[in-house]
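These values consider heavy atoms only, across backbone and side chains, with no hydrogens, waters or symmetry-generated copies.
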Amino acid sequence: MAGKAAYRKRRQNRMGMLLVTTVVVMMLIVVMVEGIELTKKRETYMAREEVLMQAIEAEQARTEEIKEYEKYTQTKKYVEEIAKNKLGLVYEGEIIFKDVN
């Protein structure tokens with residue numbers, strides 16, 4: 001009878017080891033799948049970050065252009081240009097030639 005009990009105990013140990021091994025393998029698979037998904041997300045976010053950085057640089061360049069234009073609009077040259085083109089004003093004594101065609 002002692003032999004039967006030892007056999008049963010070994011069999012239970014093997015079954016327990018098999019279950020533990022199965023659980024560990026399943027957890028390993030889940031971790032690997034999640035790792036792959038996270039890697040894909042990271043690549044997507046890095047690409048998106050690159051696009052956003054380019055957009056930021058473009059907006060900064062546009063901001064600089066607007067600042068330069070703002071400075072230009074405060075000059076006498078700009079005022080003269082608008083007065084001539086939009087309002088049709090001329091300096092006193094200035095002669096304007098118009099094309100008849």
Side-chain angles (χ1 to χ4, degrees):
M1 286 229 177
K4 264 187 168 179
Y7 175 74
R8 186 180 290 155
K9 192 161 193 140
R10 264 191 270 154
R11 189 170 179 192
Q12 286 177 348
N13 282 345
R14 284 184 188 163
M15 187 63 105
M17 290 297 285
L18 180 65
L19 287 173
V20 168
T21 304
T22 304
V23 169
V24 168
V25 168
M26 289 175 69
M27 288 176 63
L28 199 68
I29 291 171
V30 168
V31 167
M32 287 175 55
V33 168
E34 289 296 321
I36 291 169
E37 288 179 12
L38 286 175
T39 302
K40 287 179 183 177
K41 281 184 181 180
R42 184 175 147 247
E43 290 171 359
T44 303
Y45 289 147
M46 288 178 73
R48 186 173 179 209
E49 179 185 17
E50 183 65 32
V51 169
L52 291 174
M53 291 301 285
Q54 290 174 354
I56 288 171
E57 289 174 8
E59 288 300 319
Q60 286 174 341
R62 185 170 173 258
T63 301
E64 288 299 317
E65 289 175 8
I66 290 172
K67 286 180 182 178
E68 290 298 318
Y69 184 73
E70 180 184 19
K71 289 178 186 176
Y72 172 68
T73 59
Q74 295 172 356
T75 63
K76 186 175 180 181
K77 182 178 178 184
Y78 174 77
V79 173
E80 289 175 355
E81 186 179 300
I82 294 297
K84 284 184 179 184
N85 294 338
K86 302 241 177 175
L87 302 175
L89 300 177
V90 293
Y91 281 112
E92 189 175 318
E94 187 175 8
I95 301 172
I96 298 178
F97 296 99
K98 291 187 179 181
D99 189 14
V100 284
N101 295 339

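Applying the salt bridge (Lys or Arg N to Asp or Glu O under 4.0 Å) definition to pairs two or more places apart or across chains, none involves residues 33-56.
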**OP:** Please test R62 against E59 for side chain to side chain contact (heavy atoms under 4.5 Å, CB included), starting from the C-alpha separation and ending with a verdict.
**Re:** CA-CA 5 Å; R62 185 170 173 258; E59 288 300 319; 3.7 Å; yes
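The NZ atom of K71 sits 8.5 Å away from the NZ atom of K67 when rounded to the nearest 0.5 Å. One distance of note links OG1 of T22 with CE of M17; it measures 11.0 Å at 0.5 Å rounding. Between atom OG1 of residue T21 and atom CZ of residue R14 there is a gap of 13.0 Å, rounded to the nearest 0.5 Å. Interatomic distance, Q54 CD to I56 CD1, rounded to the nearest 0.5 Å: 10.5 Å.
Clustering ILVMFWY residues whenever any of their side-chain heavy atoms sit less than 4.5 angstrom apart, transitively, puts V25 in the very cluster that holds V33.
Listed by chain and number, the residues in a side-chain hydrogen bond (donor to acceptor under 3.5 Å, both in side chains) with Y91 are E80 (sequence neighbours excluded). Taking Y72 as the reference, Y78 meet the ring-ring contact (aromatic ring centres under 6.0 Å, His included) condition, with sequence neighbours excluded.
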